2 protein chains.
Amino acid sequence: MSNDSLSRHFCITNSIYSTLKRRAKRESLAFVKRSPDVSKKIRLKDVADYLDLSPATVSLVLNRSPVADSIPKRTQERVFAAAKKLDYRPNLLARSLRKQRTFSVGVLVPEISEGYAAGIMRGVEHHLSQKGYFYLLASHRSKPDLLEEYLAVLKDRSVEGFILLASRIESTPELPAVAVSSHRQLEGVTNVVIDHDLAARLALQHLKDLGHERIAVFPGAPDNADAEDRWRAIRETAPRLGLEIRPELAIEITGEDYGGGFYKGGYTGAQRLMASGAPFTALFAFNDISAIGAMRAFLDAGSKIPEDVSVVGFDDIQSAAFHNPGLTTVRQPLREMGILAAKTLLERLSNGSPGPDVVTVKPELIVRGTTGTAGRAAGG
Amino acid sequence: MSNDSLSRHFCITNSIYSTLKRRAKRESLAFVKRSPDVSKKIRLKDVADYLDLSPATVSLVLNRSPVADSIPKRTQERVFAAAKKLDYRPNLLARSLRKQRTFSVGVLVPEISEGYAAGIMRGVEHHLSQKGYFYLLASHRSKPDLLEEYLAVLKDRSVEGFILLASRIESTPELPAVAVSSHRQLEGVTNVVIDHDLAARLALQHLKDLGHERIAVFPGAPDNADAEDRWRAIRETAPRLGLEIRPELAIEITGEDYGGGFYKGGYTGAQRLMASGAPFTALFAFNDISAIGAMRAFLDAGSKIPEDVSVVGFDDIQSAAFHNPGLTTVRQPLREMGILAAKTLLERLSNGSPGPDVVTVKPELIVRGTTGTAGRAAGG
DNA sequence: CTGAGCGCCTAAAACGTTTTAACGACACGA
DNA sequence: TCGTGTCGTTAAAACGTTTTAGGCGCTCAG
């Protein structure tokens, strides 16, 4: 029985087979012609039937495959015309399944923040969209397990690679990855970083020139991937400039989930600084957001900026220039860094080359109103 | 010939067919067992071969299909165990292709901004990720043709629906869509909006209580989807409160691409306002960003806030509280609006129901330091 | 008259799932 | 002995592409 049914199913003579096919072709053709708009969605096969060609031919032509070179100009034009007329749009899921390419990458950020992440993402988005890529975005709120999970889920979703912003990643992902402001070098992961030594020099030299000696710092939050290196650079640079970073003036702060972000961290950090009683005339904050939070605390405490205390930020986020006074800060070229990260990743994807270990960009000091000559030491 | 080859190809007797199959099964089984880690990527078929079951069975069990009810517990356990042991992860492209579901939506924003969009997106992301959805993000920079193009491209990428933030959309998209702060009602598009009349009343009443009569406004940028309604509400509400919005105090501003955003628009708007010579004691800005830009202009011109001029913003973005003085503003519950938008869209997707035409949320007045009793009219 | 080569096109497999219809085996009642 | 039914399982089609290997019908040289 099973033998029979199997045979019956498959062993059709060629002529019958062809006839059946022709009929099917004519029918579906008629359908398309009768109601070109009702038809749910035009597939490659619909275009092929409409032209009395095979899907293979149409695909070859539309994709400008070298194999299609031998197909006469006339036919090619017919194909293009039909595709246009029927408004054929290839099903990208099917294509991706077959070609094993999705033209999408995963972007992981600690949080969709107002400052840093938004700046980088603008660059990433710009470059990716220009190259026909899309990205899936996920925020892991600096939780290592959430980060790991998103890496896996995004891989399941067939992204071709990752861009990791300020994320503490522990091991090389299973897909090509580019990190921005990562805390350490990982085998095979290109890292786009700011030149922290230059950044520290710019900020500290500026403060020294204004006569500051007692400089407080926010070394940064432990869950922020950039913190360690930035803090190391400050510690190493200060003595070279004849400055001393006193332990009692280094205040740990944290960025919090949801709402405040680093604003609150900066605010309470500044309060603790003032409460400590240690004298200081300037603060080099971890980033603009924490600098702005700290400013609020100084002002609330009756201190004047920059008369009583100077503040230097880091990043130069959009709003930095619009605070009162305008925030003096070390600018990171965020948008460019985003573009750089995207570009590096896409090159890795097409070359297959591992790419550079590290790409360094230069910071720039933007002097605005929050820094002035050192006065009497505040807080003492 | 073709007849023959076709037959030769298909007309294998059942027994041979089975034998071949068995052999293949044993081989691939052996392969898996010999080197379970070398094998590129575990497919459903690999799990099936490992268990000497068919892919169908494994799929049925893993997906807890009702059809699998008749499969004995013992087998089901074996299937789950094998899937776990081999670390099987289904190929979502293939699944999506077959099921015609992708569990992803498209999110369109004018720009990845520091304020409004970031706030909403936080909500959107929160809800979507909780429900196992992902989103593709695109920014159209308020260009209608770019918006249209992204709608098409995202549809090509098989998103199941759209969330549109503050976007001027002209016609109902071909997929279920939810708009946030859209300018007008579109057939079949749920609109999540703030109660603009209440918002206007809160702000204007507050200013009136402080004795302000000459109140300047930024009616908003023509390319911002929210502007019209907000402006209408102000025009209608003012007379009810016994206030007059003088035409010469209504200043058109624009949000610009890249960099500045509305900061610059607010800054130059305030400059034009002052230059016009028309007296005013307060400004109700279009949003926080433009309010902050305007503040900068007032301060640069030597005006004091709020002594000379009071400023009210709109949105309550994160940084609003940290400006100096703190910005008095009409809060939109941005995160909640994002969650609401996502939730509404997902319900539409699962119900198939068209969903409500409009979902209204309530604003709240947050009084901080930029508003005070009206003094002498500035600018006059 | 044959065989090679070319021009044009296509069959069929492949990508990795889901799902429907049905199959074999066995039990049970008539 | 013959349905009838249930149980456990599966073949095969389907989703919509891309791509390889090759087919068919010519022409033209030998």
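In what follows, chains carry the letters A, B, and so on, assigned in the order in which the sequence lines appear, proteins first and then strands, with residues in each chain numbered from 1. Bear in mind the structure is a predicted one, so any value in this text is a computation, not a measurement.
- Between A:Arg78 and B:Leu93, the one whose closest nucleotide on DNA chain C sits nearer the 5' end is A:Arg78.
- Side chains of B:Phe162 and B:Leu154 form a contact here, defined as non-hydrogen atoms less than 4.5 Å apart.
- At whole-Å resolution of the value, CD1 in B:Ile71 and P in D:dT6 are 18 Å apart.
- Formation of a donor-acceptor pair under 3.5 Å by the A:Arg168 side chain with backbone atoms of A:Pro144 is not found in this model.
- For B:Glu170, the CD atom counts as densely surrounded, since its 6.0 Å shell holds more than 12 non-hydrogen atoms of other residues, nucleotides or ligands.
- Side-chain N or O atoms of A:Glu160 include none that pairs as donor or acceptor with a backbone N or O of A:Arg101 at under 3.5 Å.
- Put simply, CG on B:Asp52 is 9 Å from P on D:dT10, counting in whole angstrom units.
- For the pair B:Thr57 (side chain) and B:Pro55 (backbone), a donor-acceptor distance under 3.5 Å is absent.
- The separation between A:Asn91 atom CG and D:dC15 atom P is 11 Å, rounded to whole Å.
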Tabulate atom names and distances for all N/O pairs under 3.5 angstrom spanning the protein and nucleotides 18-22 of chain C.
{"unit_1": "C:dT18", "atom_1": "OP1", "unit_2": "B:Asn63", "atom_2": "ND2", "d": "3.2"}
{"unit_1": "C:dT18", "atom_1": "OP1", "unit_2": "B:Arg95", "atom_2": "NE", "d": "2.9"}
{"unit_1": "C:dT18", "atom_1": "OP1", "unit_2": "B:Arg95", "atom_2": "NH2", "d": "3.2"}
{"unit_1": "C:dT18", "atom_1": "OP2", "unit_2": "B:Ser59", "atom_2": "OG", "d": "2.6"}
{"unit_1": "C:dT18", "atom_1": "OP2", "unit_2": "B:Asn63", "atom_2": "ND2", "d": "3.2"}
{"unit_1": "C:dT18", "atom_1": "O2", "unit_2": "B:Arg98", "atom_2": "NH1", "d": "2.5"}
{"unit_1": "C:dT19", "atom_1": "O4'", "unit_2": "B:Arg98", "atom_2": "NH2", "d": "3.2"}

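- Without hydrogens or angle criteria, A:Thr190 side chain to A:Val178 main chain gives no donor-acceptor distance under 3.5 Å.
- Look at B:Ser54 and you'll find a side-chain N or O under 4.0 angstrom from OP1 or OP2 of D:dT10.
- Here C:dG16 presents its P atom at 9 Å from CG of B:Asp46, a figure rounded to the nearest Å.
- When rounded to the nearest whole Å, the span between CZ of A:Arg101 and C1' of D:dT17 equals 16 Å.
- At whole-Å resolution of the value, CG in A:Asp69 and C1' in C:dC9 are 14 Å apart.
- The nearest whole Å value for the distance from the CZ atom in B:Arg74 to the C1' atom in D:dC7 is 18 Å.
- Where B:Leu97 and B:Thr75 meet DNA chain D, the nucleotide closest to each residue was compared, and B:Thr75 sits on the side nearer the 5' end.
- As a whole-Å value, the separation of A:Asp49 CG from C:dT10 P is 11 Å.
- B:Ser167 contributes no side-chain N or O that, together with a main-chain N or O of B:Ile169, makes up a donor-acceptor pair within less than 3.5 Å.
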